[in-house]
2 protein chains.
Amino acid sequence: MPRARQRPRLVDVAEHAAVSLATASRALTGRTGVSAEVADRIRQIARELGYVANPYARTLASGATSTVGLIVHQVDDPYFSEIAAGVIQLAAEQGLLVQICQSGRDPDYELQELRHLIAQRVGIVLISGSGYDDPRMESAARAELAAFQDHGGRAAAIGRHALGVDAVLPDNEAGGYALAQHLMDLGHRRIAVAAGSAGLTTVADRLAGVSSALRQRGRSPADLTVVHSDFTRSGGRAAAEQILNEHPETTAIIALNDVMAMGVLSTLRTRRVPVPARMSVVGFDDVSVAADLAPSLTTIRLPMTEMGRTALTLALKPRTTRPRRRPTGHLLVVRDSTGPAPRT
Amino acid sequence: MPRARQRPRLVDVAEHAAVSLATASRALTGRTGVSAEVADRIRQIARELGYVANPYARTLASGATSTVGLIVHQVDDPYFSEIAAGVIQLAAEQGLLVQICQSGRDPDYELQELRHLIAQRVGIVLISGSGYDDPRMESAARAELAAFQDHGGRAAAIGRHALGVDAVLPDNEAGGYALAQHLMDLGHRRIAVAAGSAGLTTVADRLAGVSSALRQRGRSPADLTVVHSDFTRSGGRAAAEQILNEHPETTAIIALNDVMAMGVLSTLRTRRVPVPARMSVVGFDDVSVAADLAPSLTTIRLPMTEMGRTALTLALKPRTTRPRRRPTGHLLVVRDSTGPAPRT
DNA sequence: CTAGGGTACGTAAGCGCTTACGTTGCCGGT
DNA sequence: ACCGGCAACGTAAGCGCTTACGTACCCTAG
């Protein structure tokens, strides 16, 4: 069957304007070497014809890509979806398209997705989610990104250092510190931490902040119970179970992110532990639902959407010799899930 | 400065294997016309060299794309992020990449993004989110998609009919019906609906289900208060305010999606209206946080992730003459936000 | 023994752009 | 009057693939 009329090509524009291909191309890409009037005429004709350059041909010829690859752990985790929203917003403003992949929190799979994106010749790679304490885990990704940048690619990380690329980094340690302070101010002495997987830098940093707050008040780090699980709702549930069973004296739980806190609250509800009367709970990130939980969650606010935008902004800027680190603000948001330690 | 070694090209593979470009291409794309041994050797060499075909060159030459464009209203809305997760999952399994755009719930902007995706020559377009009652609103998108399909593109819609493409459709009417039934069973007589923007088919369908349940019990549709706002948390807050102020006799609120229900609950909390003692609240969708709200939300469960997968599956299958419609299941999930109507 | 057909492979023409390099014409400086 | 230089535009060579078409060879049927 006769194929419907195809999209107009650059030659069509050039013919209509009675100029050469080269001139049309220069006019439409805003390059120099065309007089203003001719350029205007060409652009006008392109608009009338509904011409849009074929990005495959353009990329093939020029080598410059206009798509950004974004790697997140899980798109339906609110922390990541807010970051993604920021990236996509700014990308749209810049006329860029974003290709998104999920790593499913698996470092091997993440590496595979990273390779896939690079093989697909994206121009920019943005990688979010915690990195790994073990340098060997990161080194493959690091090498991949270095090679990518050597070939002219741009990259940035979100909430992840040690990747050798520009990064936007929340002050996880200060956040952990603030949470612990807040709980101690309320009189809590037996604090437990529901932590994500051991080996994640985010976990280590937030935990370090908590410990240093305890130390600063003369408490022994041994006073702190740390239960490792993972950064999901069910991870939070499991951690809470363990804390309740093995450390019944606990009066406050620090979940190292909000999604875990949701799981913690869920378990406390099931076990009929009143929050905050019997147990205070705090989270980290301030995802948008944190305010709607039962009870509303005290947490550290991170500007996720902004972080996504900032990361893309960094990647868009000309590269510097040394990777840049852009800190983000953070803020303790006190809501209803924390209260004075119960009297015993 | 001397550019670092570039990625291997098809010619490199061909040379190493001492075959022609054509043969190498045939072997790697699994086409016929190569003996099994030669094909194996070529594939083996490609693997050793770390060869991955340049998708830009491939697409330019063959015309076939391997990227799918996904349009959602808002990626950080849990309803859409769960759909996106499903699409991305399946796409990854199929070796496809997903380009994602947000329409920001603006039909004009959505159309623009649709055009952008098509201009970018994606092979598959998936469009999610409610359509518009007014046929003129949809006709431009419809025409765009028809032209796209004529050029060999594939498309599918999620939760949206009347676009002339394959669609996966929840039974919104039956869901609304079930919610109203549930509330009437609990003795509620003064029911209000916190609806999304008037003019959305999803709103109309869910509302129709509610009305028909009332009618079936011999109630007049006039008994039903409908407040239009929009499908966001703040939309839910606004609707609840209005219901509380103008219809104080209301004992149950049907929010037409969970995100609005979150806003409704938030307002009720602020106004100190006990749920469900004084007011029952239901939502629609069963996003994953619905169970963690205060109180946990009675709602209609839709398999969002599955819907995303199904839509991509539909688009991947050979096109049929008439657009297919794939229904999805739904289920009333009763939680703590609904209870018997208060005695007066 | 030969014609016909099928299989395995090579040759080369694009796909729709960008861009290095050429060409033309006009300007000002001496 | 002449020349160097620059701006504006054209010519054509790719970018890295796919694929229509051509060629060599082998096998089978008559």
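Rounded to a whole Å, the CG atom of D12(A) is 10 Å from the C1' atom of dG16(C). One can place CZ of R41(A) at 14 Å from P of dA8(D), the figure rounded to the nearest angstrom. Residue N54(A) contributes atom CG, which lies 17 Å from atom P of dG16(D) at whole-angstrom precision. The distance from atom CD of E37(B) to atom P of dA8(C) is 9 Å, rounded to the nearest whole Å. Taking atom CZ of residue R58(A) and atom P of nucleotide dG16(D), one finds them 18 Å apart after rounding to whole Å. In this structure, L28(A) places its CG atom 12 Å from C1' of dT18(C), rounding to the nearest Å. dG14(C) atom P lies 20 Å from atom CG of L10(B), rounded to whole Å.
No hydrogens or angles considered: nothing links the side chains of R105(B) and Q74(B) as a donor-acceptor pair under 3.5 Å. Of the N and O atoms on the side chains of T310(B) and T313(B), not one donor lies less than 3.5 Å from an acceptor on the other residue. A donor atom on one side chain and an acceptor atom on the other are found under 3.5 Å apart for E48(B) and Q44(B). R154(A) and Q149(A) are not linked by any side-chain donor-acceptor pair at a separation below 3.5 angstrom, with hydrogens and angles left out of the test.
Applying the 4.0 Å criterion to OP1 and OP2 of dT18(C), one finds that S25(A) has a side-chain N or O inside that range. When the side-chain nitrogen and oxygen atoms of R26(B) are compared with OP1 and OP2 of dT18(D), none of them lie within a distance under 4.0 Å. Dashed line: the shortest gap from a side-chain N or O of Y51(B) to OP1 or OP2 of dC17(D) is under 4.0 Å.
Between A24(B) and A57(B), it is A24(B) whose nearest contact on DNA chain C lies nearer the 5' terminus. Between A22(B) and Y56(B), the one whose closest nucleotide on DNA chain D sits nearer the 5' end is Y56(B). When each of S20(B) and V11(A) is assigned the nucleotide of DNA chain C bearing its nearest heavy atom, the one mapping closer to the 5' terminus is S20(B).
With hydrogens and angles ignored, the 3.5 Å screen pairs a side-chain donor or acceptor of R41(A) with a backbone N or O of A17(A). With hydrogens and angles disregarded, no donor-acceptor distance shorter than 3.5 Å links the side chain of T67(A) to the backbone of V98(A).
Relative to the side chain of T29(B), the nucleotides dT18(D), dG16(C), dC9(C) differ in distance, and dT18(D) lies closest. If you check dG10(D), dC17(D), dG16(C) against the side chain of L60(B), the one that comes closest is dG16(C). Comparing dA12(D), dT18(D), dC9(D) by their closest approach to the side chain of L21(B) singles out dT18(D). Taking every side-chain heavy atom of S35(A) into account, dC9(D) is the closest of dA8(C), dC9(D), dT19(D). The side chain of R31(B) lies closest to dT19(D) when the candidates are dG10(C), dC9(D), dT19(D).
Ion pairing between a basic and an acidic side chain is recognised when a charged N comes within 4.0 Å of a carboxylate O; E37(B) and R43(B) show no such pairing. Salt-bridge check for E82(A) with R309(A): failed, with every basic side-chain N at 4.0 Å or more from each acidic carboxylate O.
Contacts between residues 114-123 of chain B and DNA chain D, defined by a heavy-atom separation below 4.0 Å, involve no residue at all.
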